[in-house]
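Letters A, B, ... are given to chains in the order of the sequence lines, protein chains preceding strands, and every chain is numbered from 1. In this text, all values refer to a predicted model and were calculated from it rather than measured experimentally.
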Amino acid sequence: MDMNKISKKWQEKWEKAKIFEVKEDSKNKYYVLEMFPYPSGSGLHIGHTFVYTVGDIFARFKRMQGLNVLHPMGYDSLGLPAENAAIQVNEHPKDYTEKSTKNFIKQQKELGLSYDWSRMLKTCDPTYYRWNQFIFLKFFEKGLVYRKKAPVNWCSECKTVLANEQVHSGKCWRHEKVDVEIKQLEQWFIKTTEYSDELLDMTDDLDWPHRIKSMQKHWIGKSYGTEIIFDINGEKWPIFTTRPDTIFGVTFMVVSAQHSKLDSLVTPEQKLEVDKFLKKVKSVSEKELESLEKEGVFTGSYAINPLSNEKIPVYAGNFVLAEYGSGMVMAVPAHDPRDFEFAKKYKIPIKIVVSPNNSKESSNLKEAYRGHGKLVDSGDFTGMDNQDAVDAVAKQLEKIKLGKKTTQYKFRDWLVSRQRYWGTPIPIIHCDSCGEVPVLEKDLPIELPQDVVFGEGNPLLTNEKFVNVKCPKCKKDAKRETDTMDTFFDSSWYFLRFCDPNNSKEMFNPKKADYWMPVDQYIGGAEHACMHLIYARFFTKALRDLGYVKIDEPFPKLFNQGMVLGEDGEKMSKSKGNVVDPRDICKKYSADALRFFLVSLASPDKDRNWSEKGIEGSHRFINKIIEYVETAKIGKSSERNQHKINKAIQQVAEDYGNFKYHTATMKIRGLLDGLEPDISKEDLESFIKIIAPIVPHLAEELWSNLKNKSFVSVESWPNCDKKKINEQFDKEEEFTDKTVSDILNILNLIDKQIKKVYLYVLPNDADSYNLEDIKKRVEKEVILYKVNDKEKYDPDNKSKKAKPGKPAIYLE
RNA sequence: GCGAGAGUCCCAUAGUCUGGUCAAUUGGGCAGGACUUAAGAUCCUGUGGCUUAGUGCCUACGAAGGUUCGAAUCCUUCCUCUCGCACCA
């Protein structure tokens, strides 16, 4: 059997018969989706192959279970890497992307993935991204989009700003060597924080891997505390603290060096010092900032402690985040390690206000005390347990209207504008008189102009026709926004577009979205925990509140597949030379062998190492399947076969449904191993159906060889006839194995020439041994007696040693 | 530091939720055998230790304790590893 020919044949037949295309109907729907790829020039890598295989097996299984399965595929084809790659080879990003996408599609088809190709979408098509623009405008109308000058993350390699989510440990998510710089720039933001609470609360109900949920929760990072208002120069400055109980220990304040109102705090005498400090802070990246020693400078201003009325100096510091809380903190060096470090450095007094033993001596304090204790030196609160004081102080502040209990989030609004070409143009026009004016809906899409010059700065600025426009409001000369949208905007709603991908009137028909959504099973890598998965959830909620969808969550179930590592257990990389190209594997062995191998290695959620020996093993197994089916005697199934098949129908279904493909392959191996040649057509067909989700091409071929006209891919999963399951057969297998093992063991131990093997079994067990099988395996003549057989040949009187499941043995 | 997860017989992996049927699944490797002129493919067997005509015993599922008649499986503590977040006040 030429597997490659077969694969191609069936791929063509599937496509021609459109068997994976679906419409809304009365059947129960099931939406299976793998995160769509970013099509790169280098083609599909083995990791892609793996996720799509994982998703495809699931989709195929659900389809066979009779569900109306939507399984679409698309391409996240706008974005920076394509732009950069295209520039490097001196091509236009559009042409470059088109080529890459074509290549991806070709390779995916070669894997036999059961997509509804009629729904294929590409985010770089204006027919798609016009709806990005539409959504942007709707968000704008609703007040979910705004422009603001803020300290933002800048990647010098990407030459654009980045969202918070795209900064990983101070580095650009795409350039692990590039430190992100903080710049003050005017940028577009999406008010993702509007949904902080809902995003946080609803994570609990999601059927997602623990760690993804915990990562998201962390990312949103809700903390409960108290807002306290300090008076500085007659102005009210709120700060956020989780430790209001230590308010009497505040000996200084620190405002972020990036704080927009820092200037107003700096006195003329301190201006020089502060400027010097700011210059120094500016030149360091966020990453360095983290490892850096805490530094600061006195601003010259003083704050008034609302409870003690003490006058406390205000510093500007490099360790306070401008964007968290109010960008200023109250510093309690005795009870906070950061404040302690700072106070020691600048010789600021340290005042103990919480003590486990009433001690107030701070001069020999080695580190901040963060434990519990009684309040000391704390006015009316002195003597109170500090945990009780958290509430008591908050209450008191509330009473005098200088504070209140509140919550804070780490989560920030999403910075969506990018100073690059290959993205969705932001549909806004800047007018000197009218300000930021949204493009009219009828003017959408704002298409990306082809004619631009790539070089320094945003290429879109080089197309004057694109930039110079009339203001939609006052018709005067105006400038088009040249920033484009973050690529994550595109992927935040593509799953909705799949419900109605060719609609040119609406972004999707609401009824269709109602039918298909939510995505019943989403599948993808963990790297998107705090990026795509948060944005997509936000979009769904925002679109719900705009009336476009009815669901609250797009992906109630998420499955994270593991990584495919190189043979050496390292991440595959060109420099390590451990890269495996799926195309080569397909050619050498077949798509089915690759699919089978990838899922047979380990449970799909775990990492796995590539193994050349392993793929050979899978290839061998596939040949074994072919060999069996071709030599099977079709007629009536032996009872043992009926038992084995029916048991497998049940067990494998359970494994497929729970992403336990690895154990499914183990059971399939076990099944084939024990199948006898005599089998009914129906049982043989069941066997083919069982393997079909993993090795679909082979299954179709075997299926059609049985003179079936239909596609096994859309046949229904076989019914398990429980009456046919008879554990006696498993017992027999076990007894037989053990007996063979025993006989061979004895043969090994003695060196007599043996011709005959006599077995003496307990009468009850007599049917539990497969004598033929034993003969074949020990390659000797075997004679079996019941122990109570009067006529038996037993010169050594061995028969008395027989036990349940264990015959007595005599050799001669 | 905080959070999530994991540690099983040469390697990988199943079993852990629902304790006994577990020296423990499956693949790979290795070893022996069958087939073959030979090789390959295929098939059978073995692969913790000692021991034995198929037996029995010991040691074992990261370490140490505990619960139990009984633990790879439940509880406690510890160690190691992986991943994510990280000056969030």
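Under the rule for a ring pair (Phe, Tyr, Trp, His ring centres under 6.0 Å), the partners of A:H532 that lie at least two apart in sequence or sit in another chain are A:Y522, A:H528. Residues forming a side-chain hydrogen bond (donor to acceptor under 3.5 Å, both in side chains) with A:H168 (at least two apart in sequence, or on another chain): none. Remark: A:K345 pairs with A:E293 by the side-chain hydrogen bond (donor to acceptor under 3.5 Å, both in side chains) rule, at least two apart or across chains. In this structure, A:N609 has no side-chain hydrogen bond (donor to acceptor under 3.5 Å, both in side chains) partners at least two apart in sequence or on a different chain. Not counting sequence neighbours, A:K557 has no partner by the side-chain hydrogen bond (donor to acceptor under 3.5 Å, both in side chains) test.
For the contact set between residues 601-610 of chain A and RNA chain B, defined by any heavy atom under 4.0 Å, the members are A:L601, A:A602, A:S603, A:K606.
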Every protein N/O within reach of nucleotides 21-30 of chain B N/O, cut-off under 3.5 Å:
| residue | atom | partner | partner atom | Å |
| --- | --- | --- | --- | --- |
| B:G28 | OP1 | A:R620 | NH2 | 2.7 |

Atom pairs, N/O to N/O, protein against nucleotides 45-47 of chain B, distance under 3.5 Å?
| residue | atom | partner | partner atom | Å |
| --- | --- | --- | --- | --- |
| B:U45 | OP1 | A:R777 | NE | 3.2 |
| B:U45 | OP1 | A:R777 | NH2 | 2.5 |
| B:G46 | OP1 | A:S741 | OG | 3.4 |

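Among the heavy atoms of the strands lying under 4.0 Å from A:V320 is at least one base atom, whether or not backbone atoms are also near. Residue A:K222 is classed as having no contact, given no heavy-atom separation below 4.0 Å to the nucleic acid.
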Atom pairs and distances, donor-acceptor, side-chain atoms in residues 804-812 of chain A, under 3.5 Å, two or more places apart:
| residue | atom | partner | partner atom | Å |
| --- | --- | --- | --- | --- |
| A:K806 | NZ | A:D742 | OD2 | 3.0 |
| A:E812 | OE1 | A:Y793 | OH | 2.8 |
| A:E812 | OE2 | A:Y793 | OH | 3.4 |

Going by atom type alone, with no hydrogens or angles, which donor-acceptor pairs under 3.5 Å involve a side-chain atom of residues 322-335 of chain A and a protein atom two or more places apart or on another chain?
| residue | atom | partner | partner atom | Å |
| --- | --- | --- | --- | --- |
| A:Y324 | OH | A:S223 | OG | 3.0 |
| A:S326 | OG | A:P238 | O | 2.5 |
| A:H335 | ND1 | A:Y369 | O | 2.8 |
| A:H335 | NE2 | A:V353 | N | 3.0 |
| A:H335 | NE2 | A:V354 | N | 3.1 |

Using a 3.5 Å cut-off and no angle test, enumerate the donor-acceptor pairs between side-chain atoms of residues 727-735 of chain A and protein atoms at least two apart in sequence or in another chain.
| residue | atom | partner | partner atom | Å |
| --- | --- | --- | --- | --- |
| A:E727 | OE1 | A:K647 | NZ | 3.2 |
| A:Q728 | NE2 | A:S768 | OG | 2.8 |
| A:D730 | OD1 | A:H643 | NE2 | 3.1 |
| A:D730 | OD2 | A:K647 | NZ | 2.4 |
| A:E732 | OE2 | A:R640 | NH2 | 2.2 |
| A:E733 | OE1 | A:K644 | NZ | 3.4 |

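Base pairing in RNA chain B gives the following stems of 3 or more Watson-Crick or G-U pairs, range against range and under 3.5 Å: B:1-7 with B:79-85, B:10-12 with B:26-28, B:29-34 with B:42-47, B:48-50 with B:56-58, B:62-66 with B:74-78.
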